[in-house]
Amino acid sequence: MQQQYQSCIEACNACADACDMCSTACLQEDDVKMMARCIALDMDCAQICRLAAAFMARGSEFAGALCQLCAQVCQACGDECAKHHMQHCQDCAAACRRCAEECRKMGAGTAA
């Protein structure tokens, strides 16, 4: 079952890691208050990505629906990170966009 979802699982795990790195780096920025939404979305995104990966890994009947929501969170996080010039935000935005794309495909697939 996991093989069927491997590409999406990998994208979710990579996105979660990028979000963790981004939120940690954002906390080190001079104007942390300006980064508050970015940090909050990074935390939400990392958590839902890990949850989606786990649902897919065990072949949950709810994996498709969760991936659709994950795609929405990834899109929001990627959009926010893209607003910031720091490399960690740009890297996170790219990972979020890739994950959103994979999750949209997964959510539209057979596991809905």
Side-chain angles (χ1 to χ4, degrees):
M1 186 64 70
Q2 182 178 357
Q3 197 67 9
Q4 178 182 355
Y5 308 129
Q6 194 59 41
S7 177
C8 193
I9 290 170
E10 289 172 5
C12 283
N13 286 327
C15 186
D17 291 345
C19 287
D20 284 343
M21 287 186 265
C22 186
S23 64
T24 299
C26 284
L27 287 169
Q28 304 305 313
E29 294 294 334
D30 291 335
D31 189 357
V32 175
K33 191 171 187 173
M34 180 189 77
M35 305 305 296
R37 184 160 193 268
C38 187
I39 294 166
L41 285 169
D42 282 338
M43 293 188 311
D44 285 349
C45 192
Q47 192 145 31
I48 198 164
C49 284
R50 288 197 174 94
L51 185 61
F55 271 49
M56 286 182 281
R58 63 178 178 264
S60 171
E61 66 184 280
F62 299 105
L66 185 58
C67 283
Q68 290 289 44
L69 179 58
C70 187
Q72 292 176 20
V73 175
C74 287
Q75 187 66 53
C77 188
D79 290 348
E80 178 63 27
C81 283
K83 295 176 184 176
H84 305 287
H85 69 278
M86 293 77 82
Q87 190 59 50
H88 58 85
C89 284
Q90 293 301 309
D91 292 345
C92 188
C96 287
R97 288 183 182 127
R98 178 175 174 261
C99 190
E101 182 181 329
E102 287 290 333
C103 281
R104 278 190 209 89
K105 286 191 277 188
M106 171 46 213
T110 59

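Sequential numbering from 1 along the given sequence is applied to the chain's residues.
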For [X], side-chain hydrogen bond (donor to acceptor under 3.5 Å, both in side chains) partners two or more places apart:
{"X": "Glu10", "value": "Gln6"}
{"X": "Glu29", "value": "His88"}
{"X": "Asn13", "value": "none"}

Supply the atom-to-atom distance [X] [atom1] to [Y] [atom2], rounded to the nearest 0.5 angstrom.
{"X": "Cys67", "Y": "Gln72", "atom1": "SG", "atom2": "CD", "answer": "12.0 Å"}
{"X": "Leu66", "Y": "Cys103", "atom1": "CG", "atom2": "SG", "answer": "8.0 Å"}
{"X": "Met86", "Y": "Cys92", "atom1": "CE", "atom2": "SG", "answer": "11.0 Å"}

Looking at every non-hydrogen atom in both residues, tell me the closest pair between [X] and [Y] and how far apart they are.
{"X": "Ala82", "Y": "Gln90", "value": "O-NE2, 3.3 Å"}
{"X": "Tyr5", "Y": "Met56", "value": "CD1-O, 3.1 Å"}
{"X": "Ala108", "Y": "Gln68", "value": "N-NE2, 4.1 Å"}

Show which side-chain atoms of residues 34-54 pair as donor or acceptor with protein atoms under 3.5 Å away, not counting sequence neighbours.
unit_1: Arg37; atom_1: NH1; unit_2: Glu80; atom_2: OE1; d: 3.1
unit_1: Asp42; atom_1: OD2; unit_2: Ser23; atom_2: N; d: 3.2
unit_1: Arg50; atom_1: NH1; unit_2: Asp20; atom_2: OD2; d: 3.0
unit_1: Arg50; atom_1: NH2; unit_2: Asp17; atom_2: OD1; d: 3.0
unit_1: Arg50; atom_1: NH2; unit_2: Asp20; atom_2: OD2; d: 2.8

| field | Residue pairs passing the salt bridge (Lys or Arg N to Asp or Glu O under 4.0 Å) test where at least one lies in residues 89-98, sequence neighbours excluded | value | none

| task | Would you mind checking if Lys105 and Glu102 are paired as a salt bridge, meaning a charged N to carboxylate O distance below 4.0 Å? | result |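 Yes, charged N to carboxylate O under 4.0 Å.
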
